[in-house]
Student: 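Structure provided below as structure tokens; questions to follow.
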There are 2 protein chains.
Amino acid sequence: MNPSLNQSVELADEPICEPRCTIPAEQTEQLQSQLLDPLKAQRMAEFFSLLGDANRLRILSLLAEKELCVGDLAAAVDMSESAVSHQLRTLKSIRLVSYRKQGRHVFYRLQDHHVFNLYQAVAEHLDET
Amino acid sequence: MNPSLNQSVELADEPICEPRCTIPAEQTEQLQSQLLDPLKAQRMAEFFSLLGDANRLRILSLLAEKELCVGDLAAAVDMSESAVSHQLRTLKSIRLVSYRKQGRHVFYRLQDHHVFNLYQAVAEHLDET
DNA sequence: AGTATATCTGAATATATGTTCATCTGTTAC
DNA sequence: GTAACAGATGAACATATATTCAGATATACT
């Protein structure tokens, strides 16, 4: 993974921007070497963004328990089947869910265990006052 | 944390929706007991959503390394100071960054180590083809 | 074949979100 | 004091995103 994001939060020993806050180009470049590259940033942003919907999270919370078909999901989360289908398509696009077809039904399930870690980290954060 | 989201992804041993996909109200209620409650879902969604921006992630990747003032951040990520300031306000609102004022400068830093876990989990997920 | 069911899809609307611009506040230096 | 600077803010615009509705597919049943 990108080494530029680690947990150590050091104080700036020498504020770059003194006396003026426009730093020399040289130091800016040095900073930029630690910068998350735009393409990866974009992909991560898209991923977080797609998780950023209450209905999708509620759907995921059900799928975490057991696989379910669209109709049952719709009934449980109290949404239209169309709306659920759209959201599932979104979740498929980031490979968070997969599905199997069985007759007329399509059963969806969580595809990726990383969701759980994400969920946990965010829950912890939110529980801290 | 909510016990309804765990890693076990079991196959539906008895598809609820047979023969019709509209399940009995009783079973729907049972499902709903595993459902992430709307308020928490909303809070989590808001959190993920606020992480869902490439510029914010790029800012975070720099702050993960060291604390920085708005002007230097703006120079490094090639955005206007105004834009950076707006994004920092957003990041403050979910307590991902905090700041200290020193004269004219405001130095921002990561406030929460959970970001790192999130980052790691997403990076892993994205790296899997 | 024809009908009913389960799901998907595209287009349209409504809403949320990001960025920009102009302006405002607070700080430092002269 | 006033000028220059760092940062914050609000409003306006542009863009992205979610939801709805109408209709399309695909499967099962008779």
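All heavy atoms count here, side chains included; hydrogens, waters and symmetry mates do not.
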Student: Figure out the CZ/C1' separation between A:F107 and C:dT7, and round it to whole Å.
Tutor: 12 Å
Student: Is B:L51 close to B:L60 at the side-chain level, that is, under 4.5 Å between some pair of heavy atoms?
Tutor: yes
Student: For A:H105 and C:dT5, what is the distance between atoms NE2 and P respectively, to the nearest whole Å?
Tutor: 12 Å
Student: Using the ring-ring contact (aromatic ring centres under 6.0 Å, His included) rule, collect all pairs that involve residues 42-80 of chain A, keeping only residues at least two apart or in two chains.
Tutor: A:F47-B:H125
Student: Going 5' to 3' along nucleotides 11-21 of chain D, which nucleotides have protein heavy atoms under 4.0 Å from the base (write B), which only from the sugar-phosphate (write S), and which from neither (write -)?
Tutor: -------SSBB
Student: Among residues at least two apart in sequence or on other chains, which ones pass side-chain hydrogen bond (donor to acceptor under 3.5 Å, both in side chains) with A:Q32?
Tutor: none
Student: Measure CD1/B:I59 against C1'/C:dG18 and give the value in whole Å, please.
Tutor: 12 Å
Student: Between the protein and nucleotides 23-30 of chain C, list the N/O to N/O atom pairs that are separated by less than 3.5 angstrom.
Tutor:
none

Student: Give the rounded distance in Å between these two atoms: CG of A:L73 and P of C:dC8.
Tutor: 10 Å
Student: Find the distance between CE (A:M79) and CD (A:Q87) and round it off to the nearest 0.5 Å.
Tutor: 5.0 Å
Student: Between A:Y108 and C:dC8, is there a side-chain N or O to OP1/OP2 distance below 4.0 Å?
Tutor: yes
Student: Are any of the side-chain heavy atoms of B:Q111 and B:L63 separated by less than 4.5 Å?
Tutor: no
Student: Taking side-chain hydrogen bond (donor to acceptor under 3.5 Å, both in side chains) as the definition, give me every residue that meets it alongside B:E46, ordered by chain and number, with sequence neighbours left out.
Tutor: none
Student: Give me the distances for all protein-to-nucleotides 1-3 of chain C N/O pairs that come in under 3.5 Å?
Tutor:
none

Student: Any chance you could measure A:L35, atom CG, to B:L57, atom CG, to the nearest 0.5 Å?
Tutor: 10.5 Å
Student: What is the distance, to the nearest angstrom, from the CD1 atom on B:I94 to the P atom on C:dT17?
Tutor: 12 Å
Student: Does OP1 or OP2 of C:dG10 have a side-chain N or O of A:R89 closer than 4.0 Å?
Tutor: yes
Student: Given atom CG of B:L91 and atom P of C:dG18, what is their separation to the nearest angstrom?
Tutor: 10 Å
Student: Can you measure B:E81 atom CD to D:dC5 atom C1' for me and round it to whole angstrom units?
Tutor: 9 Å
Student: Do A:V106 and A:L88 have side-chain heavy atoms sitting under 4.5 Å apart?
Tutor: no
Student: Using a 4.5 Å cut-off on heavy atoms from C-beta on, say whether the side chain of A:L50 contacts that of A:L96.
Tutor: no
Student: Taking C-beta and beyond as the side chain, do A:N55 and A:V77 meet within less than 4.5 Å on heavy atoms?
Tutor: no
Student: Quick check for you: to the nearest 0.5 Å, what is the distance between B:T90 atom OG1 and B:D53 atom CG?
Tutor: 8.5 Å
